[in-house]
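This report refers to the structure that appears directly beneath it.
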Amino acid sequence: MMQSIGVAGGTGGTATASQDDQLRPHQMVRAGRATKAACLALALSVPVALAGDRTAAAAENEIRIGNTMPYSGPALAYGVIGKTIAAYFNKVNAEGGINGRRITFISYDDAYSPQKTMDLTRKLVEEDKVLLTFASLGTTTNAAVRPYLNANKVPQLFVASGSSMWDEPREFPWTMGFQPSYQAEAHIYAQYLLETRTRGKIAILYQDDDFGKDYVKGLKDGLGGKIPIVAEAAYKVTDANVNQQIAVLKASGADIFFDIATPKFTAMAIRRAGEIGWRPDHIISTVSKSVTSLMSAAELQSAEGLLSAGYYLEGDDATTTSDPAYRAWSSFMDRYLPDVSKNNGLTIYGYLAASTMVAVLKACGDDLSRDNVMRQARSLKGLALPMLTPGININTSAYDHAPLEQMQMGQFTGGRWQRFGPVRSGTDPGSVSDSFKTIFRYGNAKRDLANQLNANTVTLMTGSLGSTYANMGADLSSVLDKGTELRVLPVIGRGSVQSVADILLLRGVDAGIIRKDTLAFLERKDFANNVREQLAYVAKLFNEEMHVVAPKSITSLSDLDGKTIAVDLPDGGTFVTSINVFERLGIRPHLLYIEPRLALDMLRKGDIDAIIAVEGKPLQWLSQVNDPNLHLVPVEYDRALHDDYLPAKLSAEDYPNLVSAEAPVNTIAAEALLASFNWQPGSDRHRRLSLLVEALFNNMQALQRPPFHPKWLEVAPLAPIAGWTRFKTAQEWLDRNMPAPQVMGANARASDLQASNAPNDPKLFREFLEWRANRQKRPAAASPKP
């Protein structure tokens with residue numbers, strides 16, 4: 001039976017081409033009944049499920065894999081990667097396929113255009129019904145399709161680009177890179193230079209996009225200012241040449257040339273530097289070190305002495321010709337790519353990427369669902385592939401989507417690359433620590449660095465250890481921290497009351513999580529003069545449900561009249577809510593200020609009659625309670641509670657040991673806010689808080705995904721808090737991004753929900769909260785007290 005793996009490029013006709021022919025747009029290449037047994041012609045079989053179906057899997061006898069590759073355009077030199085992958089899958093099919101299934105590899109020519117990549121990727125997923133995309137090439141092209149593929153839960157595996165953005169499993173769990181990141185590679189060059197050229201001066205040529213800027217950042221981070229960079233020059237992929245840039249860099253007096261370019265422009269730079277007699281130590285990126293695609297174009301004489309790093313064996317390395325892995329690769333090239341030079345290192349890249357993909361598919365066994373494909377891709381441990389440099393293995397995890405992180409330096413001598421020195425890690429434990437990098441720079445820039453670190457740090461008061469407030473603060477720090485651009489410093493506190501006091505009085509505290517009913521209580525009791533002028537709120541964050549744990553003999557809140565109740569520590573919010581609720585309902589219990597976790601044993605012994613905890617459900621300690629004598633007491637939504645609280649429910653899903661599936665428990669919820677001191681616009685403290693606000697609103701979607709606290713799903717950014725002033729930057733952001741018609745739409749959709757005490761759908765519930773808040777007229781902004 002003949003096999004076929006199409007390399008497709010649109011709707012045009014078919015053509016037969018030699019491996020050296022450059023594919024043109026709108027052509028499809030199918031290898032015919034060729035010699036060397038690389039024949040093609042596999043019929044497409046049953047389609048896989050649509051994108052967005054989490055259980056989408058391969059067909060019974062076929063695995064469809066999609067790809068985009070620049071077979072034309074400014075990056076066409078990389079097209080050989082797609083040809084190599086197609087040839088490798090031909091080999092796999094000839095040997096029986098993957099667990100009885102044959103691979104259909106569909107590769108479209110996107111000409112290195114992000115818009116074409118987007119259109120063709122949609123075609124792959126929605127029309128061609130591919131199981132996954134694999135080894136698509138380019139930083140901007142893959143960045144364009146990453147949100148689409150992740151939203152539809154389609155694996156975007158082993159992206160052919162070294163951008164560090166492919167290793168972001170928390171935000172983009174369906175995307176994974178392959179090669180060492182550009183920053184990791186640049187760290188390795190920095191290590192080498194710091195060992196050998198500490199008195200040098202560096203000039204940088206870089207492509208003016210994310211590809212080039214990633215390298216520059218990596219080099220600067222790795223050097224830590226210890227070797228001066230005296231000149232930088234950018235080029236665009238549409239430039240005819242880089243002659244002017246090379247002249248500028250030479251004039252800087254630099255004796256180290258860091259050349260961050262794709263093959264075409266690296267060849268130009270090598271040639272031009274030779275023509276004008278500039279002979280620095282010349283480091284090129286690994287993406288441009290292929291002997292065939294680069295050195296021939298630049299003339300081998302001009303390329304002599306070039307430095308680069310690598311992670312795989314070279315096709316012309318005489319020291320490896322007796323290696324079984326090399327012989328297997330050489331045999332593959334002879335049989336499946338006879339017209340492609342073994343000196344072209346891009347073929348080895350394609351060979352390694354395809355080998356890794358096959359390893360993942362084999363590990364999937366009979367479960368070729370998209371979920372399992374990602375699970376296996378995240379579970380590669382010590383995978384040693386043929387043609388990887390000895391000592392370099394592939395490792396991934398759920399938290400590490402960077403399969404390769406090690407490289408070895410090499411020098412171009414006598415027409416080929418010669419490896420030297422140790423295998424180096426671009427992300428060793430010290431280099432991944434922002435604090436270590438800070439200390440690394442400390443000696444050279446003590447004052448400037450200290451000012452930079454302090455300038456954009458925002459301190460946030462949270463709650464007690466393990467509380468919802470503390471968890472939310474930790475989430476903010478994890479998602480919003482951007483090094484010296486913004487650092488969120490959550491501080492463990494005692495809850496809402498202490499947060500109010502600290503925002504008003506404690507030096508260095510910028511913001512905190514507080515409760516709306518705490519503010520109302522302060523005003524009602526006249527505990528704080530002009531508190532409305534001094535405090536501002538950023539956004540309504542989430543609801544905190546009232547949990548009343550008691551023996552089953554207590555059937556309602558009124559049964560607690562005269563009873564002894566633990567209401568947490570007096571600086572938190574639980575005791576304020578408890579006092580507020582009991583006062584409004586005319587209930588007079590005896591209150592003990594003890595943490596709920598510590599009070600639980602007292603409750604079981606009968607020393608107290610109930611525990612109250614007002615926190616976001618589910619509470620970890622309460623989820624572990626399994627006592628047949630205890631239950632959750634219902635709190636009915638009495639009219640006296642309507643001004644300060646919302647209706648809520650506690651379900652068996654929240655507390656399976658305390659609530660039956662048939663009878664959820666009614667309760668109330670207090671609203672938690674992110675609040676700050678109402679600093680005057682133009683002040684430094686106002687600027688810092690503005691950084692936090694912009695980062696929070698711009699990253700809300702990331703916070704609303706696992707593994708972050710589920711309470712982020714309840715954030716209602718549109719909801720004003722009646723009578724209180726919203727922080728100016730927050731209001732401006734909402735005015736720009738969520739105009740009034742959106743608020744009106746939310747109100748209309750929620751208009752029928754008021755009578756429904758607790759909508760179960762989180763989206764409807766948020767709309768209900770916003771509708772309720774928007775019934776009140778927004779107050780005029782108040783100025784902070786001097």
Side-chain angles (χ1 to χ4, degrees), residues 77-78 162 179-180 182 185-197 200-207 211-212 215-216 218-219 222 227 229 231 233 235 241-243 245-246 249-250 252 254-319 341-346 348-349 389 407-422 424 426:
Y78 293 118
Q179 68 202 71
Y182 300 141
E185 182 183 343
H187 291 163
I188 287 169
Y189 297 134
Q191 292 173 28
Y192 169 75
L193 291 173
L194 287 170
E195 291 174 8
T196 61
R197 294 297 311 273
K201 293 184 292 184
I202 301 173
I204 301 175
L205 174 70
Y206 68 96
Q207 189 162 294
F211 160 73
Y215 269 111
V216 174
L219 184 71
I227 302 177
I229 296 172
Y235 74 89
N241 58 60
V242 289
N243 292 354
Q245 289 91 333
I246 297 299
L249 297 179
K250 179 189 178 185
S252 71
D255 53 3
I256 301 168
F257 177 22
F258 188 40
D259 181 356
I260 309 162
T262 52
K264 171 183 173 182
F265 290 96
T266 297
M268 290 180 184
I270 293 169
R271 185 184 302 112
R272 186 58 181 168
E275 289 171 352
I276 65 175
W278 188 31
R279 297 284 185 270
D281 285 352
H282 192 163
I283 299 174
I284 66 171
S285 65
T286 190
V287 301
S288 295
K289 61 179 289 193
S290 165
V291 175
T292 299
S293 62
L294 168 63
M295 303 310 174
S296 296
E299 299 178 359
L300 295 183
Q301 183 177 358
S302 298
E304 187 75 10
L306 285 175
L307 295 165
S308 190
Y311 51 94
Y312 51 76
L313 303 179
E314 299 296 331
D316 61 349
D317 189 342
T319 65
S341 170
K342 293 178 184 177
N343 287 338
N344 191 335
L346 296 176
I348 303 172
Y349 177 94
T389 299
M407 304 182 81
Q408 186 178 22
M409 290 296 296
Q411 186 168 37
F412 193 71
T413 304
R416 62 184 182 87
W417 287 101
Q418 295 185 9
R419 292 177 283 125
F420 68 90
R424 301 172 184 268

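Reckoned from all heavy atoms, side chains included, excluding hydrogens, waters and symmetry mates. One is the number of the first residue; the rest follow in order along the sequence.
Contacts of Arg279 classified as side-chain contact (heavy atoms from CB on, under 4.5 Å), with partners at least two apart in sequence or in another chain: none. With sequence neighbours excluded, the residues forming a side chain to side chain donor-acceptor pair (under 3.5 Å) with Tyr349 are Gln179, listed by chain and number.
Annotation for Ser308 and Lys289: closest pair OG-CD, 3.9 Å, computed over non-hydrogen atoms. The heavy-atom pair separating Ile348 from Tyr312 by the smallest distance is CG2-CD1, 3.6 Å. Residue Gly410 comes nearest to Phe420 through the heavy atom pair C-CE2, 3.6 Å, listed as atom of the first residue, atom of the second, then distance. Looking at every heavy atom in both residues, Phe257 comes nearest to Pro280 through CB-CG, 3.5 Å. Asn241 and Met268 get closest at one heavy-atom pair: CA-SD, 3.5 Å. Taking both residues in full, the closest heavy atoms of Ala186 and Gly218 are given as CB-C, 3.6 Å, listed atom of the first, atom of the second, then distance.
Side-chain contact annotation: Tyr311 with Gln408, donor-acceptor N/O pair under 3.5 Å absent.
Put simply, CD on Glu304 and OG1 on Thr413 are 5.5 Å apart, with the number rounded to the nearest 0.5 Å. Rounded to the nearest 0.5 angstrom, Ile270 CD1 and His282 NE2 are separated by 5.5 Å. Put simply, CG on Leu205 and OG on Ser285 are 10.0 Å apart, with the number rounded to the nearest 0.5 Å.
The shortest side-chain heavy-atom distance between Leu306 and Trp417 falls under the 4.5 Å cut-off. By the 4.5 Å heavy-atom criterion applied to side chains, Leu313 and Arg419 are counted as neighbours. Looking at heavy atoms from C-beta onward, Leu249 lies in side-chain contact with Trp278 at the 4.5 angstrom threshold.
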Using ring pair (Phe, Tyr, Trp, His ring centres under 6.0 Å), reason through Tyr206 and Tyr215 one step at a time and then give a plain yes or no. CA-CA 8 Å; Tyr206 68 96; Tyr215 269 111; over 10 Å; no

Taking it one step at a time, do Leu193 and Asp281 satisfy side-chain contact (heavy atoms from CB on, under 4.5 Å)? CA-CA 10 Å; Leu193 291 173; Asp281 285 352; 6.0 Å; no

Checking side-chain contact (heavy atoms from CB on, under 4.5 Å) for the pair Ile260/Tyr182: CA distance, chi angles, key distance, verdict? CA-CA 10 Å; Ile260 309 162; Tyr182 300 141; over 6 Å; no

Using the rule given for side-chain contact (heavy atoms from CB on, under 4.5 Å), can you reason through Ile202 versus Ile227, listing the C-alpha separation, both sets of side-chain angles and the distance that settles it, and then say yes or no? CA-CA 7 Å; Ile202 301 173; Ile227 302 177; 3.7 Å; yes

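With hydrogens and angles ignored, the 3.5 Å screen pairs a side-chain donor or acceptor of Glu185 with a backbone N or O of Thr286. At least one donor-acceptor pair closer than 3.5 Å links the side chain of Thr266 to the backbone N or O of Ala261. Within the 3.5 Å criterion, the main-chain N or O of Lys264 finds no donor-acceptor partner in the side chain of Thr262.
Taking the ring centroids of Phe258 and Tyr189, they lie under the 6.0 Å cut-off.
For the salt bridge (Lys or Arg N to Asp or Glu O under 4.0 Å) with Asp255, the qualifying choice from Lys250, Arg197, Lys201 is Arg197, the only one to do so.
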